[in-house]
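These notes concern the structure reproduced below.
Chain A is the first sequence line, chain B the second, and so forth, proteins listed ahead of strands; every chain is numbered from 1.
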Amino acid sequence: MSAEVPEAASAEEQKEMEDKVTSPEKAEEAKLKARYPHLGQKPGGSDFLRKRLQKGQKYFDSGDYNMAKAKMKNKQLPTAAPDKTEVTGDHIPTPQDLPQRKPSLVTSKLAG
Amino acid sequence: MAGAGGGGCPAGGNDLQWCFSQVKGAVDEDVAEADVISTVEFSHSGDLLATGDKGGRVVIFQREQENKSRPHSRGEYNVYSTFQSHEPEFDYLKSLEIEEKINKIRWLPRQSAARFLLSTNDDLRINLWHLEITDRSFNIVDIKPANMEELTEVITAAEFHPHQCNVLVYSSSKGTIRLCDMRSSALCDRHSKFFEEPEDPSSRSFFSEIISSVSDVKFSHSGRYMMTRDYLSVKVWDLNMESRPVETHQVHEYLRSKLCSLYENDCIFDKFECCWNGCDSAIMTGSYNNFFRMFDRTTWRDVTLEASRENSKPRASLKPRRVCAGGKRKKDEVSVDSLDFSKKILHTAWHPAENIIAVAATNNLYIFQDKAN
């Protein structure tokens with residue numbers, strides 16, 4: 001029994017290596033895991049959904065913003081972390097954070 | 001191979017020769033976000049062609065009638081009308097930015113009993129609107145969980161059946177399609193049919209779910225089939241068979257060995273659409289590098305073509321393109337590493353009766369026709 005254990009482990013490793021050779025997708029997965037070791041370990045919903053839902057706009061809440069300004073008269077509001085991938089509860093988007101969007105009143109160039 | 005595409009409804013042969021017809025839009029290198037075309041749709045007769053863009057504008061083109069004094073302009077699409085359809089809004093009450101991008105344009109049939117439209121702007125709900133009642137709608141599908149942390153899938157596309165007005169389908173981010181019959185229940189959370197291709201568990205990877213997400217679903221004109229587009233393929237389903245698709249066409253399988261980079265640059269989330277030709281004998285979808293693909297369902301031939309300004313002389317034939325996945329690159333082949341992933345063809349449309357196609361390449365609209373047209 002004990003003699004078989006090391007062999008079983010190497011058989012598994014062998015299969016994994018084979019997978020990488022025969023499956024380009026698994027090779028890509030290994031690449032991704034090497035770059036982002038913590039991927040897939042967060043609870044609640046898949047990383048894919050998280051990334052997908054995060055691609056949306058940042059929301060500005062005037063009520064939150066004004067209340068936060070009132071609470072912290074002399075202090076600065078918490079600003080977004082340099083890595084803006086997650087909007088946490090503390091960060092309140094300010095008008096300055098939102099990308100400027102003006103209504104497009106110019107005629108489409110397709111009609112030119 | 002000259003070209004695939006079984007043709008519209010005229011007795012077309014299987015070998016079509018696609019030629020450049022027209023291109024609309026600016027030649028600028030710097031494309032403004034607002035100018036990116038977000039939808040293309042022919043009207044039911046094919047005489048009108050509409051585009052919508054991210055800036056909320058709609059442009060409608062009309063096909064020119066035959067004109068003896070200008071013989072070359074016959075069949076050309078020229079601007080008929082343009083207007084600002086949507087403007088960006090901010091809902092202060094709900095703290096929501098309302099995007100002005102035109103997601104979809106659908107032509108209303110001129111004479112029809114159908115007075116309803118589906119709206120699926122949300123990832124989680126489908127609402128049914130009566131065209132004359134604008135302040136309320138019926139909610140027919142709601143997949144929002146009580147706790148958002150439990151969210152595992154979202155709705156990605158939905159469509160009404162072309163002939164049975166009570167039937168609709170919606171696809172999910174997990175690659176499943178549900179068919180609902182509004183006659184069986186008011187709230188269609190329970191489906192009548194559930195389409196899913198079985199997965200080989202040994203080939204599952206981190207990317208499996210992402211690339212199986214359905215970005216578009218389209219019923220065939222006949223109403224017997226539906227087509228789904230996921231990241232790497234197009235699948236045709238027989239509505240009477242839920243267990244697996246009847247056809248799978250590979251769009252750009254060579255991207256499977258690039259999934260890591262495509263995930264990092266977000267391209268893996270690109271939403272490609274697909275379309276049928278008039279008689280359902282051929283299907284078309286876009287890819288990267290301004291390539292688009294056509295599959296002939298009768299001959300099983302496929303072709304890759306390119307929308308580019310370099311090949312835009314009037315009536316110039318389009319040469320089939322080939323991508324070299326690995327190994328020695330042949331002359332005229334493009335290697336996978338030199339593909340331009342910023343040049344994506346997400347939206348294409350096929351004339352309902354003729355071999356005329358409209359292809360949106362970022363901010364330019366290309367129109368191609370079969371030589372015989």
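- No donor-acceptor pair closer than 3.5 Å links the side chain of B:S335 to the backbone N or O of B:C324.
- Here B:Y80 and B:F61 keep their ring centres 6.0 angstrom or further from each other.
- Between B:Y288 and B:H252, the ring planes are parallel. Angles under 30° get that label, and only those over 60° would be called perpendicular.
- Here B:E253 pairs with B:R256 in a salt bridge; the nearest charged N to carboxylate O distance falls below 4.0 Å.
- Residue contact with chain A, scored on non-hydrogen atoms closer than 4.5 Å, involves the side chain of B:I37 exclusively.
- The minimum heavy-atom distance linking A:E28 with B:S261 is given by the pair OE1-N, 4.2 Å.
- Most heavy-atom pairs under 4.5 Å with chain B, from the set A:E25, A:K31, A:R35, A:K33: that is A:E25.
- Each of B:L259, B:D53, B:T82 has some count of heavy-atom pairs under 4.5 Å with chain A, and the biggest count is that of B:L259.
- Using a 4.5 Å cut-off between heavy atoms, B:I211 touches chain A through its side chain atoms alone.
- Of the atoms belonging to B:S208, heavy atoms from both backbone and side chain fall under 4.5 Å from chain A.
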